[in-house]
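What follows is a single structure, written as structure tokens, with notes after it.
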Amino acid sequence: MDKMAERLNDICIRILQLVYLNILWIAFTLLGLVLVGIGPATLALYTVIRQWIRGNSDIPIFSTFWKAYRSSFKEASVIGMIYLVIGWILYVDLLYVQSFYLRALVIFVSFIYVVSLCYVFPIMAHYDWKSTIVKIKCSVLFGISYLQYTLIMLLSLAFIYFILFMNSGALVFFGVSIGNYVIMWMTNQVFIKVENQAVLLERGSQS
């Protein structure tokens, strides 16, 4: 009974933390006038969530968020704007392209875009790679190479946002943080598999 109460308490604390993180994301996105701020705010959000998933539940949320927001502001801003522009172009194309074949191509490219978008900020939060191009390329490579994880992630997001859109109040409080928690959890499973495979390959090359 005590364990159940403790577990319930942990869940309630995590829910409050997600609400707080959602508020921080909104505030710092607005601080960067949305277009410039959305990338750094998203990276900072993933940085905090990654620490939670990796077992560091007691990290100071605000200072961790602020440090990530500030330290990678330039790169995250550029990546955020790139994805916003590409997303807008694909959205307009989906609205106005009439040709069946062109529309099929746009849908395919849109799927690759969504996959890349789901992975690129978790990759930035997880790996200390210098090249922005490498991060974008790996966001597609990881997502397609581990397609089963990607599809489970996308289906989970669809289910979560279906529930949230039925309750607009919950959408306001959890609209960003809970979806990104799911993305970070699933991408973290992919990162673990990638790293384990890299270790096995290294051992095989040394034997």
Using residues 58-69 as the side-chain source, report each donor-acceptor pair under 3.5 Å to any protein atom, sequence neighbours left out, with the distance given to one decimal.
{"unit_1": "Ser63", "atom_1": "OG", "unit_2": "Pro60", "atom_2": "O", "d": "3.4"}
{"unit_1": "Thr64", "atom_1": "OG1", "unit_2": "Pro60", "atom_2": "O", "d": "2.7"}
{"unit_1": "Tyr69", "atom_1": "OH", "unit_2": "Phe28", "atom_2": "O", "d": "3.0"}

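- Taking the side chain as every heavy atom from C-beta outward, Val109 and Ile86 never approach each other to under 4.5 Å.
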Could you go step by step and tell me if Ile144 and Val140 meet the side chain to side chain contact (heavy atoms under 4.5 Å, CB included) rule?
CA-CA 6 Å; Ile144 299 301; Val140 177; 4.1 Å; yes
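- In the hydrophobic clustering of this structure, Val78 groups with Leu35; members are Ile, Leu, Val, Met, Phe, Trp, Tyr whose side-chain heavy atoms approach within less than 4.5 Å, directly or through other members.
- Here the side chains of Leu43 and Ile79 are not in contact, with every heavy-atom distance at 4.5 Å or above.
- One finds the NE2 atom of His126 at 12.0 Å from the SG atom of Cys138 (value rounded to the nearest 0.5 Å).
- Residues Met184 and Phe159 fall into different hydrophobic clusters, defined by Ile, Leu, Val, Met, Phe, Trp and Tyr side chains chained together at heavy-atom separations under 4.5 Å.
- Looking at Asn56 and Arg50, their side chains never bring a donor and an acceptor atom within 3.5 Å of each other.
- Side-chain atoms of Arg103 never come within 3.5 Å of backbone atoms of Gln98 as a donor-acceptor pair (strictly under, hydrogens ignored).
- Within the 4.5 Å cutoff, side-chain heavy atoms of Val194 are placed close to those of Tyr146.
- A 4.5 Å side-chain heavy-atom check between Ile136 and Val120 finds at least one atom pair inside the cut-off.
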Show your working on side chain to side chain contact (heavy atoms under 4.5 Å, CB included) between Val190 and Met186 and close with a plain yes or no.
CA-CA 7 Å; Val190 171; Met186 290 300 298; over 6 Å; no
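- For the residue pair Leu21 and Ser177, the shortest heavy atom distance occurs at CB-CB, 4.5 Å.
- Checked by atom type, the side-chain pair Trp25/Thr42 shows a donor-acceptor distance below 3.5 Å.
- Side-chain atoms of Ser77 come within 3.5 Å of backbone atoms of Val36 as a donor-acceptor pair (strictly under, hydrogens ignored).
- When atom types are taken as modelled, the side chain of Asn22 and the backbone of Val176 share a donor-acceptor pair closer than 3.5 angstrom.
- Smallest separation of non-hydrogen atoms from Ile183 and Cys118: CG2-O, 3.1 Å.
- Between the Ser131 side chain and the Val134 main chain, a donor and an acceptor come within less than 3.5 Å of each other.
- How far OG of Ser139 is from CZ of Phe121: 10.0 Å, rounded to the nearest 0.5 Å.
- For the pair Ile49/Leu45, a side-chain contact is recorded, criterion being any heavy-atom separation below 4.5 Å from C-beta on.
- By the neighbour-count criterion of 12 heavy atoms within 6.0 Å, atom CZ of Phe173 is sparsely surrounded, having that number or fewer from other residues, nucleotides or ligands.
- No side-chain heavy atom of Ser110 sits under 4.5 Å from any side-chain heavy atom of Tyr91.
- Counted by atom type alone, Gln51 and Arg54 present zero donor-acceptor pairs between their side chains at under 3.5 Å.
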How far apart are the C-alpha atoms of Gln17 and Ser57, what are their side-chain angles, what is the distance that settles it, and do they pass the side chain to side chain contact (heavy atoms under 4.5 Å, CB included) test?
CA-CA 10 Å; Gln17 288 175 329; Ser57 299; over 6 Å; no
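- Rounded to the nearest 0.5 Å, atoms CD (Gln148) and OG1 (Thr150) are 7.5 Å apart.
- The CG atom of Leu154 sits 9.0 Å away from the CG atom of Leu147 when rounded to the nearest 0.5 Å.
- A donor-acceptor contact closer than 3.5 angstrom is absent between the side chains of Thr187 and Tyr149.
- Hydrophobic cluster membership is shared by Met153 and Tyr161, with clusters built from Ile, Leu, Val, Met, Phe, Trp and Tyr side chains linked at under 4.5 angstrom.
- Residues Leu105 and Tyr101 form no side-chain contact, since every pair of their non-hydrogen atoms from C-beta on lies 4.5 Å or further apart.
- Hydrophobic clustering places Val34 together with Ile82 (ILVMFWY residues linked when any side-chain heavy atoms are closer than 4.5 Å, directly or through intermediates).
- Distance check: Ile123 CD1 to Lys135 NZ gives 9.5 Å after rounding to the nearest 0.5 Å.
- Note: Ile38 CD1 to Leu33 CG = 12.5 Å, rounded to the nearest 0.5 Å.
- Residues Val172 and Leu24 fall into different hydrophobic clusters, defined by Ile, Leu, Val, Met, Phe, Trp and Tyr side chains chained together at heavy-atom separations under 4.5 Å.
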Test side chain to side chain contact (heavy atoms under 4.5 Å, CB included) on Phe174 and Ile160 and set out the steps.
CA-CA 10 Å; Phe174 299 104; Ile160 287 170; over 6 Å; no
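- Taking the six-membered ring wherever Trp is involved, the centroid distance between the rings of Tyr127 and Phe191 falls below 6.0 Å.
- Counting heavy atoms from C-beta on, the side chains of Leu16 and Cys12 never come closer than 4.5 Å.
- Listed for the Tyr113 side chain is a donor-acceptor partner under 3.5 Å among the backbone atoms of Tyr83.
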